[in-house]
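Please read these numbers as outputs of a predicted model, since none were measured by experiment. Read the numbers this way: they start at 1 and go in the same order the structure lists the ligands and their atoms. Quick note: numbers below take in every heavy atom, side chains included, and nothing from hydrogens, waters or symmetry partners.
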Amino acid sequence: MNSSPVDATTTTAWNKLAAHAVNFTPDLRGWFAAEPERAEDFTAQVGDLHVDLSKNLLTAETRSLLMQLADEVGLRERIDAMFAGEHINVTEDRAVLHTALRRPAGASPALHVDGQAVDADVQAELDKMFAFAEKIRSGEWKGITGEPIKTVVNIGIGGSDLGPVMAYEALKPYVQSGLEARFISNIDPTDLAETLRDLDPRTTLFIIASKTFTTLETLTNARLAREWLWRELVASGSEIKDDDSRRSAVARHFVAVSTALDKVADFGIDPANAFGFWDWVGGRYSVDSAIGTSLAIAIGPENFRQFLGGFHAVDEHFRTVPWSQNVPALMGMLNIWYTNFLGAHTHAVLPYAQYLHRFPAYLQQLTMESNGKSVRWDGSKVNTETGEIWWGEPGTNGQHAFYQLIHQGTRLVPVDFIAVANPAHPLQDGDADVHELFLANFFAQSKALAFGKTADEVRAEGTDEAIVPARVFSGNRPSTSIMAPELSPAVLGQLIALYEHITFVQGVVWGIDSFDQWGVELGKELAQQITPAVSGDTQALEEQDASTRARIDYYRAQRR
Ligand code: F6P
């Protein structure tokens, strides 16, 4: 592997793209009129995902220059390095092997990295997680009072929360009846209080999910949950009065997921009830590891295997398919075009699938914690813009909120629409199939963005001349449409892997380490330093800057 990244701006393709951008005049109406094959030419398939890129602002020439850029920055070599377990997470000196989590049992040749038999370890941990999931699902695992578990509460934050909660919400139709998962992440005590409010401690299982098992929010919430369990068991008539009975209660109602199993034991959770993973799995890439235990319990091992199979299908596609049909490469390079050549600052993901309502939030960590960097992996400063701001909400809600800006604002906002052909709830409103009403909106939005409405078209509707300008839609607003037959576990795995690899592609072009997250550390450190000041330590208060000191004074004066 190269010891320093290629500076993309020095490549021939980059310079050609810059020249191409100067006179680039998007004309989706004209392009579709002139190229009858455009829709087909710019559509590709990955797994079950049918991806239409044709309403994006690119020509065949743009695409071929972007593919040339992918070659010149060594994307192929970087992909191979990642899959092979090279330490491409340079600043943490780690391999990046989330793709190994979804290799099928018996994959050949077996993967060995840094002396570890990766496949064997992954399968062993999966088997352990699945066996536990089955015990909960079948009712064999009993709480301290002998009752089966009905509610699983995952306590984690960031990658130890966003993936599990997003996937649980997305796959609700696959959740076993009588079982429920809830999620606590925020250290705001409201989160825990509201989540536990109506729960029965006798039928509740906590999963403490933390890669490091040091995260302040998670460990604080885990301790609070333990107190809650003891207190509420007593309140419901259980004899929890000595250390032994407290320990037994924790053993039946707490399990953990972590790479730091020693710290799990320190917390009082039996290592037999802990599920591990490895430091080569980044937090935001970990939903397919034991971090997904809450999901595995809810949807069951078979569905979880389908979920993993979905990831793997996209991994294989990404690793082997030529750029011209390689969907993560095409989408990642297209984002480079928008960010670095056409001046886009944000990227919207708008699922027309209510079950995907947490997908944009999940993608925010995946993309922005990965690519929100200003230095490259060798420490040199980047000389281009990097990570976009990712955001989104499900359609059609967004249509009645922020779509105005996407349609008529001054900013370029590339959009990814996601929809499935078969709804989980096929409802009729009279003669109307409601899913069809819904999808008509999905089709309409990408069409309106792409082709707009000219002043003459507005006039032809008899519009008063004074308001014609306000009713014109410029068109040439880019979108990608991703469709799948249904939102199955496999399709969800495919969607996640697609965006993981899009993120990777962009990181490679920018030469950054997409797998570290040093930018989250300073705030954590300062919070620790500030905590004594907030609690009234005058010396700690004196050490603060004037603004922070004044804010803390205000808090202390107001606090009842
Ligand atoms: O602070 C950011 C972060 O480190 C994320 O990268 C991670 O997903 C999250 O915190 C939670 O970390 P952990 O799983 O170690 O508790």
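In this pair, Tyr285 and Phe515 present their aromatic rings tilted. The plane angle is within the 30 to 60° band. The aromatic rings of His347 and Trp390 sit parallel, their planes meeting at an angle under 30°, below the 60° perpendicular limit. The aromatic rings of Phe359 and Tyr362 lie parallel to each other, their planes meeting at an angle below 30°, with 60° marking the opposite boundary.
If you number the atoms of ligand 1 from 1 as listed, the ones under 4.0 Å from a heavy atom of Thr215 come out as 12 (O), 13 (P), 15 (O), 16 (O). Atoms of ligand 1 lying under 4.0 Å from at least one heavy atom of Gly159, given by number and element, are 7 (C), 8 (O).
If you check which protein heavy atom lies closest to atom 10 (O) of ligand 1, you get Lys524 NZ, 4.4 Å. Among all protein heavy atoms, the one lying closest to atom 9 (C) of ligand 1 is Ile157 O, 3.6 Å. Nearest to atom 6 (O) of ligand 1 among the protein's heavy atoms is Glu369 OE1, 2.8 Å. Ranking the protein heavy atoms by distance from atom 15 (O) of ligand 1 puts Thr212 OG1, 2.6 Å first.
No side-chain donor-acceptor contact under 3.5 Å links Thr99 and Asp315.
Where the criterion is an N or O separation shorter than 3.5 Å, residue side chain and backbone included, Lys211 meets it with respect to ligand 1. Geometrically, ligand 1 and Ser210 share a nitrogen or oxygen pair separated by less than 3.5 Å.
Judged as a ring pair (Phe, Tyr, Trp, His ring centres under 6.0 Å), the pairs with a partner in residues 180-212 (not counting sequence neighbours) are, in order, Tyr168-Phe183, Phe206-Trp228, Phe206-Phe254.
Legend: residues meeting salt bridge (Lys or Arg N to Asp or Glu O under 4.0 Å) with Asp270, ordered by chain and number and at least two apart, are absent.
Side chain of Glu125 to main chain of Gly276: a donor-acceptor pair is present (N/O by atom type, distance under 3.5 Å, no hydrogens or angles).
Contact annotation for Val520 and ligand 1: only side-chain heavy atoms (C-beta onward) come within less than 4.0 Å of the ligand.
Note on ligand 1: Gln365 sits in its first shell, one or more heavy atoms being nearer than 4.0 Å.
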